[in-house]
Amino acid sequence: MTSTAKAPPLYPKSHILAASGVAALLSLALLVFPTREVEAKKTYLNLELDNGSDYTEQPGDSASLAAETPQSPFANTATTNTSAADELKTTHVVAPIEADPLHQIISVQNGDTLSTVFAKVGLGASTLHEVINSSKAAKQLTRLKVGQALEFNLSPDGQLESLHSKLSDLESITLAKSETGFSFKRELVKPEVQTAYSHGVINSSLFLSAKRAGLSHSLTMDLANVFGYDIDFAMDIREGDEFELIYEKKVVNNRQVGTGNILSARFTNRGKTYTAVRYTNKQGNSSYYSANGESMRKAFIRTPVDFARISSRFSNGRRHPILNKIRAHKGVDYAAPRGTPIKAAGDGRISLAGRHGGYGNAVIIQHGQRYRTLYAHMQGFAKGVRTGGNVKQGQIIGYIGTTGLSTGPHLHYEFQVNGVHVDPLSQKLPMADPIANSEKSRFMQLSKPLMAQMDKEKSTMLALNNQR
Ligand SMILES: [Zn+2]
């Protein structure tokens, strides 16, 4: 069967980059051009985004600060040498307009615990005990964050009626007095998902230009990952490179609370334009494909360890440091600190996860019928990694160590094609599968309108720029 397997298309080595390494490379790119001026061109069109003022504190926060003022040491010092009238005046400046002792909002300060917060509203240890032990979920209340607002409702006799806290724009928790004690409820707001378009021209690094174009750090990382197999973001980026994308933004009450997936993108690097469309197949797996349906990712990532240094290359004859004999080195060594995660280079089935002679703790992965990768000298295996199991590309399989015949912490990595050892660094990596023929028309129904929409947004944007 193996002889009938179709040879994969070949791609130049320089164009292949493990998406997983992009994070490190981006940071590098940022360091390389730290001071040059960046100008990302006009970004948002028709899609008015929130400005910074929407991200300021909630109105409730001022009330919560005021509620705490009577306990503030400043209140005491300020009134030490003043008359009662002055004291009243001083207090009035900061006190809540309607102080309601039965409804108090406490803003969590540095060093606060649920116990100290309870004390501020006059609730004692027995109530605290009752609350925490009312349910397993209620223990979440003990995980306080500085600035978090806790809204207390008390009964006229000072007993806790309810406690409410908004953890984020999307999540809030409520504890309420019930007949049996307290009931705890966690509420999730489902954000509305809208799409946004963004465009930028790179004058220095992708990071700076993307920031100027209004993209968050994580969205920029996503963009780099989408094109990470084709563009080396540390080496290949040039002034004038251009990117545009349509992505999901999450909105609650007309306020952007986050972003979702990149739906489509285009990246022009040194005059060559790459396209990407996110597609979820009928099995429910999402992946990026070029606009005409080729896979964006390769079947293998180039380097199974991030932040590693190649300490020994593939060779057909070298002196083994321990055996002191001339021996072929049938793999590549990556030196990295003990405990650094090692990732599966591609999807596959684990044919071995265990001790393997001089390899020490080793994992061997079979990728289809043609390819096999081996990872040696591991300190240990990742959870769930065992012989006979399946792994996904990029999944952590174990950690750098120095088990077996090894002189120091490193990964010894081997790559086999049809049972023959090859140099993984010179190997032309095969593409992952393109869109299945049975799904091609469904894919094109998604891809074409997205590309057309980017064309339209861009020409509108250029027209607007020309008017200025
Ligand atoms: Zn080695």
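Just so you know, ligand 1 is whichever comes first in the structure, and atom 1 is the first atom listed for that ligand.
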Practice task
Quick one: list whatever passes salt bridge (charged side-chain N to carboxylate O under 4.0 Å, His left out) with R442, sequence neighbours left out.
Solution key: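 Salt bridge (charged side-chain N to carboxylate O under 4.0 Å, His left out) check on R442 returns E439.
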
Exercise for the section: Provide the atom name of the closest N, O or S atom of D333 relative to the Zn ion (ligand 1). Expected result: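 That would be atom OD1.
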
Problem - N, O or S atom of H329 closer to the Zn ion (ligand 1) than 2.8 Å - result: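 Of the N, O and S atoms in H329, at least one lies under 2.8 Å from the Zn ion (ligand 1), which means yes.
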
Problem - Contact check: H412 to the Zn ion (ligand 1), N/O/S below 2.8 Å - result: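 So H412 counts as coordinating the Zn ion (ligand 1), yes.
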
Exercise for the section: Give the C-alpha distance, both sets of side-chain angles, the deciding distance and a yes or no for side chain to side chain donor-acceptor pair (under 3.5 Å) between S315 and H329. Expected result: CA-CA 5 Å; S315 83; H329 187 231; 5.6 Å; no

Handout entry: Contacts of type ring-ring contact (aromatic ring centres under 6.0 Å, His included), residue H367, not counting sequence neighbours
Key =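 ring-ring contact (aromatic ring centres under 6.0 Å, His included) list for H367, sorted by chain: F300.
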
Exercise for the section: Please confirm whether K249 makes a cation-pi placement over Y247, using NZ or CZ under 6.0 Å from the six-membered ring centre and within 45° of the ring normal. Expected result: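 Not satisfied by the 6.0 Å and 45° rule.
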
